[in-house]
A.B. asks: 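Pasting a structure below so you can have a look.
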Amino acid sequence: MLTAGVLPVRWMGGNGCCERSGPGAMQLSELPLSGPWGERHLLGLERLSAAQLTTVLDLAEQLEQATAGGSERLSLLKGLVVANLFFENSTRTRTSFSLAARRLGADTVDFSASSSSLSKGETFIDTALTIEAMGVDMVVCRHKTPGAPHLLSRHLRAGVLNAGDGTHEHPTQGLLDIYTIRRHRGRIAGLTVALVGDIRHSRVARSNIHGLVTLGARVIVCGPSTLVPTEIRQLGVEVAWNLDEILPEVDCVNLLRVQFERQRGAFFPSIAEYAELFGMNAERIRRARKDLLVLAPGPINRGVELTPDVADGPNSVILDQVSNGLLIRMACLSLLARERRAGTGGAL
Amino acid sequence: MSDVLIRGGRVLDPASERDELADVWVRGGRIAAIVPPGTVLAEAGPRVPILEASGLLVCPGFVDLHVSLREPGFEEDECVLTGTAAALAGGFTTIAAQSDSSPVVDNRSAAEFVRLQADRAKQCRVFPLGAVTKQQRGEELAEIGQLVQGGAAGFSDAKHPVANSEVMRRALEYTRMFRRPVLHFAMVPELADQGVMHEGFQSTRLGLRGIPAAAQDIMTGRDIALAELTGGRVHLMCVSTRDSVARIRQARAAGLGVSCDVSPHHLLLTDDVMERFDPLYKCLPPLRSREHVDALIAGLRDGTISAISADHQPRAQEKKQVELDQAPFGICGLETALSICVQALIRPGHLTWLQLIARLTKGPADVLGLPYGTLSPGQAADITIIDPQAEWTVRASAFASRSRNTPFDGQTLPAVVKSVLVDGAVRFGVTPVASVP
């Protein structure tokens, strides 16, 4: 999927192990972009065009080449500080962002608060302003409240990257899911992707929907009727309540985690019943297309959304998603850093 | 004292359905006469101060049915002095003070404290609302008779619904003998739990927890049934949904003691604005979708909704500068109420000026049985003079209210309040010029 003519020779040159020459010497202004970007913040996928989405996906792919799968370092973000502001617990996403920033040569600082800063009597905005005043260039924000990163973006000069805002969006997860599908299928347009599970409370579902629909996929959302609001059709998706009916038609299935912690009361009678109706198991794999891709954003509840044999089976690309997450986050950080440098007249 | 001639304005008095150019003569703080322009009253003194009202609208002072004054207990948001000053700045000369102070106005002395502070403030008229239930908990009736003696004009648990139907039934029965209404906020609490906005496509898209229209519709239906059962008077505050309007229309046609009001922001804004995730738009009931807004406007046109209330909910800045789910509900509404109504109702041609002024004056006054909101000769000269052509730019920092939680900051809006008179004395705006008539 490399865009011919865009990839600079120097990225491919050298052995990639040395920062002084080869890809390590790459400057932000020399990022090999295949299309437009122009965003100071990455708050969600809803507003991004197909061309912008493709820019990120292509850049991630180039970074995969340049870093030998993300294992080697570049110095694109050298001298920049990336703050991880996590107001909600997340080991996976925070680790992935930290690694991505360090792979690009940035310094990272982690700030964690179990929930809201209010517990300390400080407003959320004051907390962020304080962190920014320490000289932070980009803020990666995870928060349990939808719109919290949007609020930050209106108050901070730093670039804001949404790492999941409550039940709203999780753009890098959406991008890495889409990237994973594209790596395996070579395209997005024309594919049928089913998002299965707790659609109502899933930020991953929303980001996937926006990205996939914009790139021309057919998206079916499937889950218990209490967790699949029918208004969601207005986002351009189909709604299904019976997984077995749609299974033969789908190219990829993305199994969303049941968000027990975000649900208000009981949305289905029992976990066993959920697994029976919507869990991906060997029997369902047999009835699906042979080349069905099974994705799960994790952390997965084995035995609920999918059985262990499916999670570890040949259709599963769950671990690919994790490593692709690193590349996508490197791409997003690079793009925002480039935009920030352009915005400050290169005075970073 | 307090003689004034308001000269050459377009006089709008819903009580007499008057809408004509006229002079308003005020003597001794009361309306003396409304006469054709230029008519000299024989009994008028030689040096009557004059307010020139040419090109302006001369209306009864506005009446608001439920203003949160926040004192005592929440003086960081508002106090009686600043809240009543904000009322005057918005053209309101009479307000009912909501019972949601701390302590709650659920006893006689608390009601009398509100009146005392209002007397000291010397701004607009203030009538306390007493709580329906002790501590607004919805469990036991407050001392309603004692509250009446303390000056309570009506009863309300503010934004706390009286969820227990038995308690609400007894409240409607008991308030009957005092001829005071219960002002109820209709919402099924469990359907609204943790919600921050209207439930619909936008809440689904934004991942924000919704409050369905049914949360109001169900409780509205219950209240109507209880009004019928008890013969009591229930006034539903802040109606926001299509079906609630339909049910109230039907109930009023059947002659039940049911009335309702609507807030200006529910007439102008829809839930689309929530995509900004701005806590300044977070209010209760939530901003609804277009179909509901259209139904509210239709309800105002046909009189189903007889009152507009600013639903003034001042909140200190720091309380709103937090995450959406942590922020309190409410909009600081008194000072923008008129302009928002003009923007939402007059400019698009939904209501005539006389209809709008009726919903701001006589409509709410009738709900509480108050003798205000009219320019009838002999009544107190509470008068609001408006420049309908002028525009102004909202500067929240210049509000008379102690709070600034308005989503309209910086917007240029139509209609300016020029002068506000209480008992014939100018309490806000342009003052009369001494002159010989």
Side-chain angles (χ1 to χ4, degrees), chain A residues 43-44 46-47 87-88 115-119 121-129 141 143-155 162 164-170 199-207 209-210 221 228-237 239 259 262-265, chain B residues 76 188-215 270-282 286-292 315-329 403-405 407 409-410:
Chain A
L43 301 176
E46 184 176 11
R47 302 265 178 235
F87 294 93
E88 185 181 67
S115 60
S116 169
S117 49
L118 273 187
S119 52
E122 187 177 50
T123 69
F124 169 59
I125 293 162
D126 282 336
T127 304
L129 286 172
C141 176
H143 202 291
K144 70 174 174 48
T145 305
H150 306 65
L151 197 61
L152 278 191
S153 71
R154 287 198 293 270
H155 286 87
N162 181 2
D165 59 330
T167 50
H168 179 221
E169 279 225 45
H170 192 354
I199 307 298
R200 184 184 290 277
H201 299 101
S202 175
R203 53 194 174 205
V204 178
R206 283 174 185 73
S207 288
I209 287 169
H210 296 312
V221 294
V228 183
T230 50
E231 299 91 1
I232 206 152
R233 286 197 184 103
Q234 293 180 52
L235 294 179
V237 302
V239 168
Q259 308 259 316
R262 290 191 209 283
Q263 294 176 9
R264 177 179 78 188
Chain B
E76 69 276 20
V188 178
E190 55 272 23
L191 284 176
D193 183 34
Q194 295 174 53
V196 299
M197 69 172 289
H198 174 59
E199 182 173 311
F201 168 65
Q202 290 297 354
S203 67
T204 300
R205 176 186 152 227
L206 300 172
L208 289 168
R209 200 153 279 183
I211 300 174
T270 62
D271 60 344
D272 295 358
V273 298
M274 295 307 292
E275 72 177 12
R276 291 176 222 177
F277 296 102
D278 189 337
L280 290 176
Y281 289 104
K282 184 180 171 186
L287 300 170
R288 303 285 185 187
S289 54
R290 191 72 240 170
E291 49 172 347
H292 296 290
R315 291 296 181 276
Q317 200 167 14
E318 65 272 18
K319 294 183 184 176
K320 282 284 195 179
Q321 279 191 345
V322 295
E323 302 88 320
L324 201 52
D325 55 352
Q326 305 276 341
F329 291 101
S403 287
R404 281 92 181 83
N405 53 309
D409 194 20

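All values below come from the heavy atoms of this structure, side chains included, with hydrogens, waters and symmetry mates left out. Reminder, nothing fancy here: chain letters follow the sequence lines and each chain counts from 1.
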A.B. asks: Checking A/Glu169 against chain B: side chain, backbone, both or neither under 4.5 Å from a heavy atom?
C.D. replies: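 Neither part, no heavy atoms under 4.5 Å.
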A.B. asks: If you measure from CZ on B/Arg209 to OG1 on A/Thr145, what distance do you get to the nearest 0.5 Å?
C.D. replies: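 The OG1 atom of A/Thr145 is 10.5 Å from CZ of B/Arg209, to the nearest 0.5 Å.
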A.B. asks: What part of A/Arg154 gets within 4.5 angstrom of chain B, counting heavy atoms only: side chain, backbone, both, or neither?
C.D. replies: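 Interface part for A/Arg154: side chain.
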A.B. asks: Closest heavy-atom contact between A/Lys144 and B/Asp325?
C.D. replies: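 Between these two residues, the closest heavy atoms are NZ-OD2, 3.1 Å.
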A.B. asks: Can you establish whether the number of heavy atoms outside A/Gln234 located under 6.0 Å from its atom CD is more than 12?
C.D. replies: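 Count over threshold, so yes.
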A.B. asks: Atom OG in B/Ser289, atom CD in A/Glu231: separation rounded to 0.5 Å?
C.D. replies: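 So the OG of B/Ser289 and the CD of A/Glu231 are separated by 10.0 Å.
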A.B. asks: Please look at B/Gln202 and chain A and tell me whether the side chain, the backbone, both or neither of the residue comes under 4.5 angstrom of a heavy atom of that chain.
C.D. replies: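 Answer is neither: B/Gln202 stays 4.5 Å or more from chain A.
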A.B. asks: Just so I know, are the side chains of A/Pro146 and B/Leu206 near enough to count as touching, which here means a heavy-atom distance under 4.5 Å?
C.D. replies: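 A/Pro146 does not reach B/Leu206 side chain to side chain.
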A.B. asks: With rounding to the nearest 0.5 Å, note down the distance linking CZ in B/Phe277 to NE2 in A/His168.
C.D. replies: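 Reported value, rounded in 0.5 Å steps: 3.5 Å.
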A.B. asks: Atom CG of A/Leu151 and atom CG of B/Leu324: how far apart are they, to the nearest 0.5 Å?
C.D. replies: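 With rounding to 0.5 Å, CG (A/Leu151) is 8.5 Å from CG (B/Leu324).
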A.B. asks: If you measure from CG on A/Asp126 to CD on B/Glu318, what distance do you get to the nearest 0.5 Å?
C.D. replies: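 With rounding to 0.5 Å, CG (A/Asp126) is 10.0 Å from CD (B/Glu318).
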A.B. asks: Return the CG to CD distance between A/Leu152 and B/Glu323, rounded to the nearest 0.5 Å.
C.D. replies: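 CD of B/Glu323 is found 9.0 Å from CG of A/Leu152.
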A.B. asks: So which atom in A/Leu235 and which in B/Arg205 form the shortest heavy-atom distance, rounded to 0.1 Å?
C.D. replies: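 Closest approach of A/Leu235 to B/Arg205, heavy atoms only: CD2-CG, 4.1 Å.
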